[in-house]
Amino acid sequence: MARLRIKEILEQPAIGTEINVKGWVRAFRSNRFIQLSDGSTIHTLQAVLDFEQFEEAVLKKITTAAALSLTGTLIESQGSGQTVELQVAKIEVLGEAAPDDIQRTVMQPKKHSLEFLREQAHLRFRTNTFGAVFRIRHAVAYAIHKFFNDKGFYYIHTPIITGSDAEGAGEMFRVSTLDPKNPPLNEDGSVNFNEDFFGKQVNLTVSGQLEAELAALALGQVYTFGPTFRAENSNTSRHLAEFWMVEPEVAFNDLNDNMDLTEEFLKYICSYVMQQCADDLKFLDDRDFSDQQSKPQAERNELRLTERLQFVANNPFKRITYTEAISILQNSTPYKKKKFKYEVEWGTDLQSEHERYLVEKEFKCPVIITDYPASFKAFYMRQNEDGKTVAAMDVLFPGIGEIVGGSQREERLDVLLEKCKAFNIHEEELWWYLETRKFGSVPHAGFGLGFERMIMFVTGMSNIRDVIPFPRTPQNAEF
RNA sequence: GCUUCUUUAGCUCAGUCGGUUAGAGCAUUUGACUGUUAAUCAAAGGGUCCCUGGUUCGAGCCCAGGAAGGAGCGCCA
C-alpha cells in the first residue's frame with residue numbers, strides 16, 4: 001500500500017479509503033488519540049485506535065517522538081478539532097523513544113526557549129516553530145530561483161575558495177593543507193605558500209560579486225546564490241560567520257534600474273511566502289504576536305507579521321540620498337534633544353541608531369539610501385559626477401537594518417585604477433577583474449541580499465541563529 | 001572586541017534581612033478515567049543552587065576571579 005504524506009491527506013482527503021502513513025508521535029492522549037507529524041506540513045494527522053484491539057506492549061511504545069507506521073481507514077472525524085482522522089487497523093513501531101531520554105531534549109512536550117532549542121539544533125527540526133521556519137526557508141530559496149529564472153537571469157556558481165583578498169568585505173578564513181605545526185618556511189622565516197595546495201594563499205569567499213560581474217559582462221544578467229564566510233568577531237543577533245548571499249549582477253543597468261530590481265525582488269519574495277506558505281506563516285504570525293505582547297509597549301511592533309509582509313509587498317520603498325538622510329537626521333527631534341549616541345555629520349557613516357530612526361520613526365517603511373560618500377564604500381562602486389559620492393545603495397528594513405547592499409559598478413578603467421591606488425589594492429591581484437574594463441566595458445549594477453536576514457523578516461524570528469539550521473558563530477560550530 | 005544582564009529540578013522560573021529540611025508551574029513515572037485537542041483528577045520520584053577561592057558561628061543570597069548564555073554596540077549582509 002502506498003504511503004501518503006500528511007500534507008496530501010489533509011489537502012485531498014480520500015474518505016473511506018485505506019491508507020498508510022509514517023511519521024513521529026507528537027502526542028498520545030487517552031490511550032486512543034495519536035497526533036502524528038511527518039514534516040510535510042505544520043499540521044498533524046489524528047490517528048484513532050481502539051486500545052482493546054492492540055497489545056499493551058505495543059501501546060506502551062507509542063510515546064512522544066516515537067516513529068510509527070500506521071495503516072487504516074480515513075474517516076470523517078467525530079471530534080471537533082479536525083475534519084478527518086485515521087481509524088487505525090495496524091500499528092508498526094519503527095523507532096522507539098524512551099520517555100526518560102526525551103525528557104532531556106527539546107521534544108519534551110512543553111514550551112521551550114529559543115536558547116534551549118539552539119543547544120539542540122539536531123533535534124529542533126521536530127518542533128513546530130523550526131519546522132515552519134525551515135519549510136519557509138526552502139520556499140524563499142525556491143522563490144529566488146524562480147524570480148530570476150522567469151526574468152531570464154542565469155544562475156552562476158562563483159567559487160567558494162578564492163585567491164583574491166581585495167573585496168574588502170571583511171576578515172577571511174584561510175584555507176590551507178599545510179601542516180600548521182610545521183609549515184614550509186621562506187628564508188626570512190615567513191610561511192612559504194608556494195608549497196600550499198594552490199601554490200598561493202587562498203581563503204573562503206566573502207562575496208561572489210567580482211566573479212558575477214565577469215559573467216554579467218557576457219551573459220547579460222546573472223545571479224549567484226551560495227554560502228559566504230566572514231571571520232569577523234561579530235557577536236550580534238544579525239551576523240553569522242557562514243551565511244548565504246544572493247547577488248544579482250546586470251549589464252547595462254544603472255543605479256535606478258538596480259533599485260527597481262531590488263524592490264521588485266523583495267516584494268516578490270514577500271508575496272510568494274504569503275501565497276505559498278500560508279499555514280506556516282499563520283503559525284509564525286501567532287507566535288510573533290504573543291511574543292510582541294510580552295514586550296513593553298514601546299518596543300512592540302505596531303503591525304503583525306503578515307501585515308508587515310503585506311506592507312512591504314504593497315507599498316513603494318522610500319528612496320533618499322545619503323545627503324538628504326543627513327539633513328533629515330539633523331532636523332529630527334532626537335538629534336535636537338541630543339539623544340543620538342553618534343554624531344550626524346556629512347562624511348561619516350550612518351550608525352544603527354540613525355538607520356533605525358529613519359526606517360522605524362521617520363518613514364515607517366523600507367528605505368533605500370543612495371549616493372554615499374566614496375570614503376567609506378568599496379572601491380568598485382561607481383564615482384558620481386560630484387567627485388565625492390558613489391552610486392551605492394543600502395536597503396534598510398524595519399527590525400533588521402541593512403538587508404541589501406548594492407551599487408552601480410565602476411566601468412571606467414582609468415577611474416577604477418585610480419580607486420585601486422586610493423584603496424591600496426594591488427592591480428596584479430585583480431588583473432582579471434580590471435581586464436573586463438578593456439574589452440567592451442559597459443555600465444552595470446548589482447546587489448547582495450543577506451538570505452538569512454530576509455528569512456528573519458518573513459518568519460518574524462529575531463535571532464539569525466534561528467533561521468539557519470546549523471549556525472556558525474564565533475566560538476560555536478557544534479553541529 | 002566593548003557595554004550590560006543572566007546562570008537554582010528535565011524545561012521555564014520564584015527564593016524576603018545572610019539563619020532550621022531550597023519551592024512553584026510544566027514535563028516524567030504510577031494509579032484513576034476514556035472521543036481527546038496544552039485532556040482531566042490523585043500521588044510519587046527528581047537538586048554539584050555554573051565553577052574556584054574568600055568573608056562569616058552560619059552563604060543559593062555578600063566579595064574576588066573564571067566559564068557559559070542572552071541583549072545592545074562596533075564591523076557588515
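Side chains included, hydrogens not; waters and symmetry mates left out as well; all remaining heavy atoms used. Naming convention: chains lettered A, B, ... in sequence-line order (proteins, then strands); numbering from 1 in each chain.
Taking the six-membered ring wherever Trp is involved, the centroid distance between the rings of A:F28 and A:F33 does not fall below 6.0 Å.
Looking only at side-chain heavy atoms (C-beta outward), A:R124 and A:D466 come within less than 4.5 Å of each other.
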Any N/O pairs under 3.5 Å between the protein and nucleotides 31-34 of chain B? List them or say none.
residue: B:rU34; atom: O2'; partner: A:R32; partner atom: NH2; Å: 3.3
residue: B:rU34; atom: O2; partner: A:S30; partner atom: O; Å: 3.2
residue: B:rU34; atom: O2; partner: A:S30; partner atom: OG; Å: 3.4

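A:Q46 comes within 4.0 angstrom of a nucleotide base, judged by non-hydrogen atoms across all strands. Nucleic acid contact for A:I102: none, since no nucleic acid atom lies under 4.0 Å from a heavy atom of the residue.
Applying the 4.0 Å criterion to OP1 and OP2 of B:rA71, one finds that A:N463 has a side-chain N or O inside that range. For the OP1/OP2 pair of B:rC73 and a distance below 4.0 Å, the side-chain nitrogens and oxygens of A:R238 include at least one atom meeting the criterion. Phosphate proximity of B:rG72 to A:S237: present, with a side-chain N or O under 4.0 Å from OP1 or OP2. For A:R453, no side-chain nitrogen or oxygen approaches OP1 or OP2 of B:rC76 to under 4.0 Å. Between A:S352 and B:rG74, a side-chain N or O to OP1/OP2 separation shorter than 4.0 Å is present. Dashed line: the shortest gap from a side-chain N or O of A:Q351 to OP1 or OP2 of B:rC73 is not under 4.0 Å.
Within 3.5 Å, a donor on the side chain of A:S234 pairs with an acceptor on the base of B:rC75, or the reverse. Between the side chain of A:H112 and the base of B:rC11, no donor-acceptor pair of N or O atoms lies under 3.5 Å. Side-chain atoms of A:Q103 and base atoms of B:rG46 include no donor and acceptor less than 3.5 Å apart. For a distance-only test at 3.5 Å, the side chain of A:E115 fails to qualify as a donor-acceptor partner of the base of B:rG69.
Using a 30° and 60° split on the angle between ring planes, A:F173 and A:F229 fall in the perpendicular class, above 60°.
With a cut-off of 3.5 Å on both pairing distances, the Watson-Crick or G-U wobble partner of B:rU3 is B:rA71.
Pairing each heavy atom of A:P316 with each of A:K267, the nearest pair is CA-NZ, 3.6 Å.
Remark: the separation of the P atoms in B:rG70 and B:rA64 is 25 Å, to the nearest Å.
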